[in-house]
Student: 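Structure in structure tokens, see below.
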Amino acid sequence: MSGARTTPNAETAGRMVEEILDRLASSGDRAACEAAEELVRVLMECYGAAFARAMDLLGHRPERPAREAVDALLRDELVAGLLVLHGLHPDDAPTRIAHALDTLPQDVESTGFDPATGELRLRLTGSAGCGGSRDAVEQAARDTLACFAPEVTAVTLEADTASGPVRLQIGTGPSGTSSSGPGGRPPATAAP
């Protein structure tokens with residue numbers, strides 16, 4: 001499509017979509033036509049869900065001030081994602097990144113974002129929790145950031161450089177040690 005574009009109303013947009021789908025159907029490429037129709041369906045479902053969510057969020061407390069209503073919309077992953085996609089989200093990338101990181105179940109902090117490469121470096125500030133492997137933490141961050149900050153194209157979880165708690169060996173000690181602990185058990189020793 002070329003030339004200046006105006007914002008179509010819903011009826012005009014619907015006609016334009018139908019014309020494009022008809023052109024694809026007349027090309028004889030059935031697979032391309034089916035893919036295009038599926039694409040339209042998926043987009044319609046996504047936008048429909050976002051508008052339904054927006055109406056639901058606004059309808060919970062219609063008396064609330066406009067700023068509270070906007071904040072509720074911006075906290076919603078689906079609505080916020082569409083606002084970002086269309087360049088309508090009022091927050092800048094660092095603010096959206098911070099918000100996304102706050103929603104993660106793991107405690108992480110940003111150690112830097114490079115807008116040129118899209119890389120976001122993170123550090124765990126607490127334990128990864130049960131089942132919270134480094135890969136799982138990175139994947140959770142990528143999934144959340146895809147919605148709130150699509151500028152982030154790579155997530156790197158930096159190695160923990162702080163010395164953590166001393167690990168204790170529980171059980172049989174190294175061979176050749178004496179059993180001088182309580183009950184004849186070897187004493188607990190610091191793991192290397």
Side-chain angles (χ1 to χ4, degrees), residues 35 38-39 41-61 64 67-174 186-192:
E38 179 66 17
L39 174 64
R41 258 192 306 281
V42 168
L43 288 173
M44 292 296 293
E45 288 172 7
C46 178
Y47 281 94
F51 284 125
R53 184 89 48 84
M55 294 306 293
D56 184 50
L57 290 169
L58 292 172
H60 280 307
R61 289 182 38 216
R64 77 171 137 198
R67 184 70 234 171
E68 286 182 43
V70 169
D71 288 343
L73 292 173
L74 296 179
R75 282 189 307 270
D76 184 83
E77 189 171 311
L78 181 59
V79 175
L82 287 174
L83 291 171
V84 169
L85 179 68
H86 292 284
L88 300 172
H89 200 291
D91 294 335
D92 62 6
T95 303
R96 289 184 281 112
I97 289 169
H99 172 72
L101 296 179
D102 286 344
T103 67
L104 293 174
Q106 302 86 4
D107 292 328
V108 296
E109 68 179 1
S110 171
T111 60
F113 172 61
D114 183 353
T117 64
E119 181 187 16
L120 177 65
R121 291 173 309 286
L122 301 176
R123 177 178 38 238
L124 280 170
T125 57
S127 101
C130 197
S133 70
R134 293 180 62 79
D135 289 342
V137 172
E138 284 182 359
Q139 187 60 50
R142 276 193 293 275
D143 291 346
T144 300
L145 289 160
C147 166
F148 289 106
E151 302 90 340
V152 176
T153 57
V155 175
T156 303
L157 191 58
E158 295 178 347
D160 185 12
T161 56
S163 61
V166 174
R167 294 182 296 146
L168 297 178
Q169 178 177 339
I170 301 175
T172 307
T189 58

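We're numbering straight along the sequence, starting at 1. Only heavy atoms go into these numbers, but all of them, side chains included; no hydrogens, no water, no symmetry mates.
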Student: For residues Arg96 and Cys147, determine if any side-chain heavy atom of one lies less than 4.5 Å from a side-chain heavy atom of the other.
Tutor: no
Student: What is the distance from atom CD of Glu109 to atom CG of Leu101, rounded to the nearest 0.5 Å?
Tutor: 10.0 Å
Student: If I compare all heavy atoms of Gln106 with all of Ala140, which pair ends up nearest, and what's the gap?
Tutor: OE1-CB, 4.3 Å
Student: In Å, rounded to the nearest 0.5 Å, how long is the span from CG of Leu145 to NE2 of His99?
Tutor: 10.5 Å
Student: Output yes when a side-chain donor or acceptor of Arg134 lies under 3.5 Å from a complementary backbone atom of Leu157, and no otherwise.
Tutor: yes
Student: Nearest 0.5 angstrom please: Thr144 OG1 to Glu77 CD, how far?
Tutor: 6.0 Å
Student: Might you point out which heavy atoms bring Asp76 and Leu78 nearest each other, and give the distance in Å?
Tutor: OD2-N, 3.1 Å
Student: Within the 4.5 Å heavy-atom criterion, are Val42 and Glu38 side-chain neighbours or not?
Tutor: yes
Student: CG/Asp102 to CD1/Ile97 distance, rounded to the nearest 0.5 angstrom?
Tutor: 12.0 Å
Student: Between Asp143 and Gln139, does a side chain to side chain donor-acceptor pair (under 3.5 Å) hold up when you go through it step by step?
Tutor: CA-CA 6 Å; Asp143 291 346; Gln139 187 60 50; 2.7 Å; yes
Student: What is the minimum heavy-atom distance between Val155 and Ala141, and which atoms define it?
Tutor: CG1-CB, 4.1 Å
Student: Please name the pair of heavy atoms, one in Val108 and one in Leu124, separated by the smallest distance, quoted to 0.1 Å.
Tutor: CG1-CD2, 3.7 Å
Student: Measuring from Thr156:OG1 to Glu119:CD, what's the distance to the nearest 0.5 Å?
Tutor: 4.0 Å
Student: Can you tell me how far the OG1 atom of Thr95 sits from the CZ atom of Phe148, to the nearest 0.5 Å?
Tutor: 13.0 Å
